[in-house]
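Working notes for the structure below.
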Amino acid sequence: MSKSATNNSAAGSNDVRDRILETASELFYRRGVRAVGVDLVVEKSGVAKTSLYRHFGTKDDLIAAFLKREDLDFWSTWDRVSQQHPNDALAELDAHFEWIGERVGRENYRGCPQINTAAEFPEADHPARKVAEAHMREMRRRLQTIAEGLAVTAPHRLAGQLAVLINGSFVSMRLFEPGEATGLLQDAARALIAANRG
């Protein structure tokens, strides 16, 4: 096989994988992971079941890939916002709460994919739960870095409080009035910061 034929074959294989993952991600997020079977993913993506299993050995592997994809999207937004406020921890935190508030206020927002999926899989060793827990640990680590720039007495404690605030917003989206999430999050964060400086 020529090099160009090999490249075309690899590109076609990647296209199939991407189509499967895109379809599964949409279905998992909209309907819940346990509610979506492999047959539905195959039907909606228009690929053969053998193709799905060639790229994802099990449904659990597909679920983990979905969460990793969501993880990359979340952290790329986080990184983009962080880079706009390199030396101002409070401005960075406000900016994070601005995009998070916008996200949770969307009409079609169903919550954090990691939290939703972790709730569906109580088994500690499930691949999806491992990805979700790694996401939560990374969020707290990043929040601690911000907290260390805020001149508070216990940055680790503040990071935990901010993580609870963010995760709470992800599961409380239906409680927010239109447009209020960002302001509520920013006000709560400032109250937590003040309490940790006292």
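All of these numbers come straight from a predicted model, not from anything done at the bench. Just the heavy atoms: all of them, side chains too, but no hydrogens, waters or symmetry mates, feed the values below.
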(message) What verdict does the salt bridge (Lys or Arg N to Asp or Glu O under 4.0 Å) test give for E133 and K130, after you've listed the backbone C-alpha separation in whole Å, the side-chain angles of each residue and the deciding distance to 0.1 Å?
(response) CA-CA 5 Å; E133 288 174 357; K130 288 179 181 179; over 6 Å; no

(request) Look only at the side chain of Y29 and the backbone of G111, and say whether a donor-acceptor pair between them is shorter than 3.5 Å. (result) yes

(request) Report yes or no: does R157 contribute a side-chain atom to a donor-acceptor pair with the main-chain N or O of N196 at less than 3.5 Å? (result) no

(message) When you measure from the side chain of D71 to the backbone of V131, do you find a donor-acceptor pair of N or O atoms at a distance under 3.5 Å?
(response) no

(message) Contact between F170 and I100 at the side-chain level, heavy atoms closer than 4.5 Å - yes or no?
(response) yes

(request) Answer with yes or no whether the side chains of E92 and S82 bring together a donor and an acceptor at under 3.5 Å. (result) yes

(message) Between V41 and V38, is there a side-chain heavy-atom distance shorter than 4.5 Å?
(response) no

(message) In this structure, would L184 and V171 fall into the same cluster of hydrophobic residues linked by side-chain contacts under 4.5 Å?
(response) yes

(request) For the residue pair L67 and F28, establish whether any side-chain heavy-atom pair is separated by less than 4.5 Å. (result) no

(message) Can you tell me how the ring of W99 sits relative to the ring of W78, calling it parallel under 30°, perpendicular over 60° and tilted otherwise?
(response) perpendicular

(message) Quick check: do D79 and R142 have side-chain heavy atoms less than 4.5 Å from each other?
(response) yes

(message) Whether the side chain of S25 engages the backbone of F66 through a donor-acceptor N/O pair (distance < 3.5 Å, no angle test) should be reported.
(response) no

(request) Give, for atom CG of L27 and atom CG of L40, the distance between the pair rounded to the nearest 0.5 Å. (result) 5.0 Å

(request) Kindly indicate, with the supporting measurements, whether the criterion side-chain contact (heavy atoms from CB on, under 4.5 Å) is fulfilled by R69 and E22. (result) CA-CA 9 Å; R69 180 178 186 260; E22 177 72 30; 2.2 Å; yes

